[in-house]
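The structure appears right after this line, and notes come after that.
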Amino acid sequence: MTTDYLIENTSANKSFGGWHKQYCHHSETLNTKMRFAIYLPPQVAKNQKVPVLYWLSGLTCTDENFMQKAGAQRIAAQLGIAIVAPDTSPRGEGIADDDGYDLGQGAGFYVNATQAPWNRHYQMYDYIVKELPELIEATFPVSQKRAISGHSMGGHGALIIAMLNPNRYCSMSAFSPICNPINAPWGQKAFNAYLGKDQSTWRNFDASELMREATQMVPAKVDQGLSDDFLAEQLKPETLEEAAKASGYPLELSLHEGYDHSYYFIASFIEDHLHFHAKHLNE
């Protein structure tokens with residue numbers, strides 16, 4: 001695969017000796033133009049190939065939320081980890097959308113839509129698992145060692161993608177993930193639209209269902225704030241904990257008094273997550 005004319009660098013900022021850059025490219029998978037951000041740590045200047053952490057953001061977010069608010073670059077620079085943050089959905093004129101914030105543009109849920117009109121563009125699962133890593137690994141000085149993490153809707157995405165592809169990821173983590181979307185209003189709305197009314201197909205994209213039945217294990221770390229407004233109705237970490245106990249899954253679940261759903265929470269514990277991933281990326 002050659003990439004000379006496939007991506008366009010739209011911004012660059014030096015950060016902790018490395019570089020944060022934004023790129024646009026045409027996605028064949030999503031049938032539209034997409035944007036992603038990448039943080040390249042200073043080790044790449046020494047011709048070192050570095051592992052990659054893919055970060056999946058939550059509802060309404062873009063690539064910018066995590067890169068600007070989480071404060072991850074300092075630790076990533078120390079550990080020699082690249083971070084890739086894609087957008088959360090296809091966007092633009094002619095892309096199916098919804099009046100609600102929790103469906104359509106900004107709310108791709110990291111699944112492959114099978115229902116019209118969503119199936120024309122909303123193939124976020126294939127984009128994250130296949131097309132984007134292929135582009136990253138062909139373009140930048142990175143290795144094929146991958147980890148994946150995310151927040152809320154993106155936490156859901158990180159967990160399901162790693163569990164469905166256990167040989168592609170060294171580790172997975174999440175902040176405040178939607179753990180049981182088939183039983184949560186956000187997940188039910190999105191899955192009904194993207195996947196259709198046959199709820200048996202929804203289970204393939206539910207972290208708790210996948211963890212309960214798992215036979216191949218990816219080391220997992222999940223952090224959840226106990227003052228999160230979405231905790232009981234939407235997130236349901238207890239279902240993930242029960243699933244891990246049923247299958248013996250290596251899940252490290254930490255609950256934090258006083259923390260909410262915001263990036264103040266993510267920034268407070270992102271260092272722990274990066275060290276967790278570095279341990280497994282370097283094994």
Side-chain angles (χ1 to χ4, degrees), residues 11-22 35-43 50-88 101 106-107 110 128 146-159 161-162 171-179 186 207 219-231 234-235 237 240 251-281:
S11 72
N13 305 92
K14 195 160 189 179
S15 179
F16 295 99
W19 287 92
H20 166 270
K21 298 184 178 184
Q22 283 180 312
R35 187 177 77 187
F36 67 87
I38 184 168
Y39 177 69
L40 294 166
Q43 288 82 354
V50 297
V52 183
L53 173 67
Y54 288 86
W55 173 269
L56 308 183
S57 288
L59 291 166
T60 75
C61 292
T62 68
D63 62 288
E64 294 182 336
N65 297 73
F66 177 80
M67 289 300 203
Q68 293 182 4
K69 296 180 180 180
Q73 290 88 344
R74 179 178 64 86
I75 304 303
Q78 292 175 7
L79 297 174
I81 297 174
I83 301 174
V84 172
D87 203 346
T88 53
Y101 72 94
Y110 306 102
I128 298 299
R146 312 174 194 97
I148 192 164
S149 186
H151 172 233
S152 194
M153 176 186 73
H156 140 79
L159 296 178
I161 284 172
S171 53
M172 64 182 184
S173 75
F175 291 85
S176 317
I178 306 171
C179 295
W186 279 339
K221 179 176 177 61
V222 171
D223 282 65
Q224 174 64 60
L226 292 177
S227 292
D228 191 318
D229 290 341
F230 304 112
L231 179 60
Q234 303 282 13
L235 306 180
L240 196 69
L251 171 66
E252 178 186 326
L253 174 64
S254 301
L255 305 176
H256 303 276
E257 291 284 352
Y259 286 93
D260 59 17
H261 200 69
S262 71
Y263 267 83
Y264 294 108
F265 173 48
I266 296 170
S268 298
F269 297 99
I270 191 62
E271 182 171 351
D272 294 345
H273 280 240
L274 287 168
H275 280 284
F276 168 79
H277 289 297
K279 173 186 173 182
H280 295 289
L281 287 166

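Just the heavy atoms: all of them, side chains too, but no hydrogens, waters or symmetry mates, feed the values below.
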Reported CZ-to-CG distance for the pair F66 and L56, which is rounded to 0.5 angstrom: 10.5 Å

Is the backbone of F36 close enough, under 3.5 Å, to the side chain of Q22 for a donor and an acceptor to pair up by distance? no

W186 and L235: CA distance, side-chain angles, deciding distance, side-chain contact (heavy atoms from CB on, under 4.5 Å) verdict: CA-CA 9 Å; W186 279 339; L235 306 180; 4.3 Å; yes

Main-chain N/O of I178 paired with Q234 side-chain donor or acceptor, under 3.5 Å: no

H277 side, atom NE2; I75 side, atom CD1 - distance, nearest 0.5 Å: 13.5 Å

Taking only residues two or more places apart in sequence or in another chain, which ones pass ring pair (Phe, Tyr, Trp, His ring centres under 6.0 Å) with F276? H280

Would you name the heavy atoms of L281 and A147 that are closest together and state the gap between them? CD2-N, 3.9 Å

Residues 146-156 vs side-chain hydrogen bond (donor to acceptor under 3.5 Å, both in side chains), sequence neighbours excluded, gives E137-R146, S149-S173, S152-H261

State whether a side-chain donor-acceptor pair under 3.5 Å links W55 with Y39. no

Apply the side chain to side chain contact (heavy atoms under 4.5 Å, CB included) test between L253 and each candidate in V222, L240, D223; give the one that qualifies. V222

Grab the two heavy atoms, one from A107 and one from L59, that are nearest each other, plus how far apart they are. CB-CD2, 3.4 Å

Heavy-atom nearest pair, T88 first then S57, reads CG2-O, 3.6 Å

Are Y264 and Y259 side-chain neighbours, meaning at least one heavy-atom pair lies under 4.5 Å? no

Taking all non-hydrogen atoms of both residues into account, name the closest pair between P177 and G155 and its distance. CB-C, 3.7 Å

Any side-chain heavy atom of F16 within less than 4.5 Å of one from P42? no

Side-chain heavy-atom pair D272, K221 within 4.5 angstrom cut-off: yes

List the steps and the verdict of salt bridge (charged side-chain N to carboxylate O under 4.0 Å, His left out) for K69 and E64. CA-CA 8 Å; K69 296 180 180 180; E64 294 182 336; over 6 Å; no

If you count every heavy atom of other residues, nucleotides or ligands that lies below 6.0 Å from D229 atom CG, does the total exceed 12? no

Any chance you could lay out the side-chain contact (heavy atoms from CB on, under 4.5 Å) test for I161 and M172, step after step, and finish with the verdict? CA-CA 9 Å; I161 284 172; M172 64 182 184; over 6 Å; no

Between A37 and D63, which heavy-atom pair has the shortest distance, and what is it? CB-OD2, 3.4 Å

Suppose we screen for ring pair (Phe, Tyr, Trp, His ring centres under 6.0 Å). Which residues come up paired with Y54, at least two apart in sequence or across chains? none

Taking the six-membered ring for Trp, are F265 and F175 closer than 6.0 Å centroid to centroid? yes

Reported CD-to-CG distance for the pair Q224 and L226, which is rounded to 0.5 angstrom: 7.0 Å

Take atom OH of Y101 as the centre, draw a 6.0 Å sphere, and report whether it contains more than 12 heavy atoms from other residues, nucleotides or ligands. yes

Whether the side chain of N65 engages the backbone of T62 through a donor-acceptor N/O pair (distance < 3.5 Å, no angle test) should be reported. yes

Could you give the distance from OH (Y263) to CD1 (I270), rounded to the nearest 0.5 Å? 9.0 Å

Let me confirm one number: the CG-CD distance from N13 to Q68, rounded to the nearest 0.5 Å. 9.0 Å

With side-chain hydrogen bond (donor to acceptor under 3.5 Å, both in side chains) as the criterion, how do S15 and H20 come out once you've worked through the C-alpha distance, each side chain's angles and the decisive distance to 0.1 Å? CA-CA 7 Å; S15 179; H20 166 270; over 6 Å; no

Would you call K279 and H275 a side-chain contact if the rule is heavy atoms closer than 4.5 Å? no

Output for pair (Q78 CD, Q43 CD), nearest 0.5 Å, gives 9.5 Å

Closest approach of I148 and A158, non-hydrogen atoms and distance? CG2-O, 3.6 Å

